[in-house]
Novice: 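Pasting a structure below so you can have a look.
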Number of protein chains: 2
Amino acid sequence: MPAAPPVLPPAGSPCQPDCPVALAARILDGRWTTRILRDLLGGTRRYSELLHSLSGISPKMLSQRLRFLEQEGLIEKTTYPTVPPRTDYRLTPLGRQVRPVVEAMAAFGRQLTPSG
Amino acid sequence: MPAAPPVLPPAGSPCQPDCPVALAARILDGRWTTRILRDLLGGTRRYSELLHSLSGISPKMLSQRLRFLEQEGLIEKTTYPTVPPRTDYRLTPLGRQVRPVVEAMAAFGRQLTPSG
DNA sequence: TCCAATACTTACCAAAAAGTAACCTCTTCC
DNA sequence: GGAAGAGGTTACTTTTTGGTAAGTATTGGA
């Protein structure tokens with residue numbers, strides 16, 4: 001059975017603050033959010049792995065965004081009481097629902113690159 | 001023939017600043033951008049229509065975002081020298097490529113609504 | 001004793017994004 | 001001589017976002 005067709009609100013209807021696009025934008029907004037999600041779509045990641053792979057992000061921003069995404073129910077973490085401690089982050093079922101968004105962004109972003 | 005399968009960068013590869021997702025995020029970032037694009041996906045709109053339909057946006061923000069999107073080649077405008085003057089905004093071919101992104105965001109946003 | 005490693009937090013600061021309110025231009029209608 | 005209406009701009013302020021640097025906790029190892 002095919003996936004449900006993508007539905008955009010009808011042509012005339014304005015995008016109210018509670019419109020699905022606005023709700024998604026509130027969560028996905030920010031320089032780093034979609035990049036963090038993109039990396040987590042590749043599987044579980046540790047804090048230090050993300051800090052390294054998202055070149056340029058500061059520890060503060062990373063933990064801030066991670067905390068926000070956790071609050072919003074998109075990711076969850078596990079801390080292992082080893083020495084030194086270790087923390088794993090992974091997407092929740094809700095978080096995995098952003099895959100189509102990130103994929104569509106990647107496809108759009110490829111149109112943007114001057115030379116592939 | 002089916003659409004090309006959505007491709008996300010391979011699991012291990014970090015999201016560099018020039019990764020497609022980051023490039024798309026730079027343009028789609030901000031509280032209003034995707035909402036403006038959402039409305040324009042419904043067809044040509046006038047400045048005053050957008051000002052009204054994007055409830056809460058200020059004239060300054062709207063013209064700022066519109067100018068930015070024009071610079072980035074996603075929209076174009078036409079001004080008619082009527083009295084009073086009239087301006088139409090519409091998506092360019094590049095701008096229409098954001099449709100899948102906005103659709104995916106809408107689908108994700110619908111998961112977020114507590115009730116419908 | 002001090003350093004290393006991991007995963008943070010805190011205080012402080014700079015820059016960017018967004019909001020508010022007022023103003024501007026032009027012309028036609030009252 | 002206004003006001004109205006479209007499409008903005010300007011100056012000013014606030015809020016949000018992001019960055020830097022340093023500090024915290026734990027404990028095994030040199």
Side-chain angles (χ1 to χ4, degrees), chain A residues 14-17 21-40 44-72 74-90, chain B residues 14-17 21-40 44-72 74-90:
Chain A
C15 192
Q16 304 290 345
V21 176
L23 294 174
R26 189 183 74 83
I27 288 189
L28 269 19
D29 197 26
R31 199 133 104 209
W32 297 106
T33 311
T34 46
R35 291 176 65 183
I36 293 173
L37 260 11
R38 194 219 83 139
D39 278 12
L40 288 177
T44 297
R45 292 286 182 276
R46 295 173 56 177
Y47 178 85
S48 55
E49 287 179 304
L50 291 170
L51 196 58
H52 194 243
S53 71
L54 274 55
S55 61
I57 200 171
S58 64
K60 177 185 143 182
M61 266 319 295
L62 182 57
S63 65
Q64 220 172 59
R65 290 282 101 190
L66 252 14
R67 206 181 313 135
F68 174 74
L69 290 173
E70 203 188 349
Q71 275 168 22
E72 298 293 329
L74 274 77
I75 66 177
E76 56 191 0
K77 71 170 175 176
T78 310
T79 303
Y80 301 96
T82 56
V83 166
R86 214 184 101 191
T87 312
D88 278 350
Y89 291 91
R90 75 197 98 68
Chain B
C15 191
Q16 304 290 346
V21 176
L23 293 175
R26 189 183 74 83
I27 288 190
L28 269 18
D29 198 25
R31 207 128 102 205
W32 296 105
T33 311
T34 47
R35 290 175 68 182
I36 292 173
L37 260 11
R38 194 220 82 138
D39 277 12
L40 288 177
T44 297
R45 292 285 183 274
R46 296 172 54 174
Y47 179 86
S48 55
E49 287 180 303
L50 292 169
L51 196 58
H52 193 243
S53 71
L54 273 54
S55 60
I57 200 171
S58 65
K60 177 186 144 180
M61 265 321 294
L62 182 57
S63 65
Q64 218 172 62
R65 291 283 100 190
L66 252 13
R67 207 180 313 137
F68 174 74
L69 290 172
E70 203 188 349
Q71 273 168 22
E72 298 292 330
L74 274 79
I75 66 177
E76 56 191 1
K77 70 170 175 176
T78 309
T79 302
Y80 301 96
T82 57
V83 165
R86 215 184 99 188
T87 312
D88 279 351
Y89 291 90
R90 69 193 154 304

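Since we're looking at a predicted model, the values are computed, not measured. Numbered from 1 within each chain, the chains take letters A, B, ... in sequence-line order.
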Novice: Take atom CG of B:L62 and atom C1' of C:dA17, then tell me their distance rounded to the nearest Å.
Specialist: 15 Å
Novice: Return yes if some donor-acceptor pair links the side-chain N/O of A:E70 with the main-chain N/O of A:R67 below 3.5 Å, else return no.
Specialist: no
Novice: Scan B:S58 against the nucleic acid and name what it touches under 4.0 Å (heavy atoms): base, sugar-phosphate only, or nothing.
Specialist: base
Novice: Send over the distance from A:M61 CE to C:dC8 P, rounded to a whole Å.
Specialist: 15 Å
Novice: Can you see whether B:R90 engages B:T78 through a side-chain donor-acceptor pair at a distance of less than 3.5 angstrom?
Specialist: yes
Novice: In whole Å, what is the span from the CG atom of A:L54 to the P atom of D:dG19?
Specialist: 11 Å
Novice: Among C:dG19, C:dT27, D:dT9, which nucleotide has an atom closest to any side-chain atom of B:P59?
Specialist: D:dT9
Novice: Just how far, in rounded Å, is P of D:dG8 from CG of B:L50?
Specialist: 10 Å
Novice: Would you tell me if any nitrogen or oxygen in the side chain of B:T87 comes within less than 4.0 Å of OP1 or OP2 on D:dG8?
Specialist: yes
Novice: Would you mind telling me which residue lines up with the more 5' stretch of DNA chain C, A:D29 or A:Y47, judged by nearest nucleotide?
Specialist: A:Y47
Novice: Describe the nucleic acid contact of B:Y89 in one word from base, sugar-phosphate, nothing, applying a heavy-atom distance below 4.0 Å.
Specialist: sugar-phosphate
Novice: Output yes when a side-chain donor or acceptor of B:Y47 lies under 3.5 Å from a complementary backbone atom of B:L62, and no otherwise.
Specialist: no
Novice: Between A:R86 and A:D88, is there a salt bridge with N-O shorter than 4.0 Å?
Specialist: yes
Novice: Looking at D:dG5, I'd like to know if its phosphate oxygens (OP1 or OP2) sit under 4.0 Å from a side-chain N or O belonging to B:R86.
Specialist: no
Novice: On DNA chain C, does the nearest nucleotide to A:K60 precede the nearest nucleotide to A:S63 from the 5' side, or the other way round? Give the residue.
Specialist: A:S63
Novice: Quick check on C:dA7: is either OP1 or OP2 less than 4.0 Å from any side-chain nitrogen or oxygen of A:R45?
Specialist: no
Novice: Looking at A:K77, I'd like to know whether one of its side-chain N or O atoms comes within less than 4.0 Å of OP1 or OP2 on C:dC8.
Specialist: yes
Novice: Between D:dG7 atom C1' and B:R46 atom CZ, what is the distance in whole Å?
Specialist: 10 Å
Novice: Of all the nucleotides listed (C:dA5, C:dT9, C:dG19), which has the minimum atom distance to the side chain of A:P84?
Specialist: C:dA5
Novice: Between the side chain of A:Q71 and the main-chain N/O of A:F68, is any donor-acceptor distance below 3.5 Å?
Specialist: no
Novice: Let me know the distance between CZ of B:R26 and P of C:dA16, rounded to the nearest Å.
Specialist: 14 Å
Novice: Rounded to the nearest angstrom, tell me the gap between atom CD1 in B:I57 and atom P in C:dA17.
Specialist: 14 Å
Novice: With DNA chain D as reference, determine whether B:R67 or B:R31 sits nearer its 5' end, using the nearest nucleotide of each.
Specialist: B:R67
Novice: Just checking B:S48: base, sugar-phosphate only, or nothing, at a heavy-atom cut-off of under 4.0 Å?
Specialist: sugar-phosphate
Novice: May I have the distance from A:Y80 (atom OH) to C:dA5 (atom C1'), rounded to whole angstrom?
Specialist: 18 Å
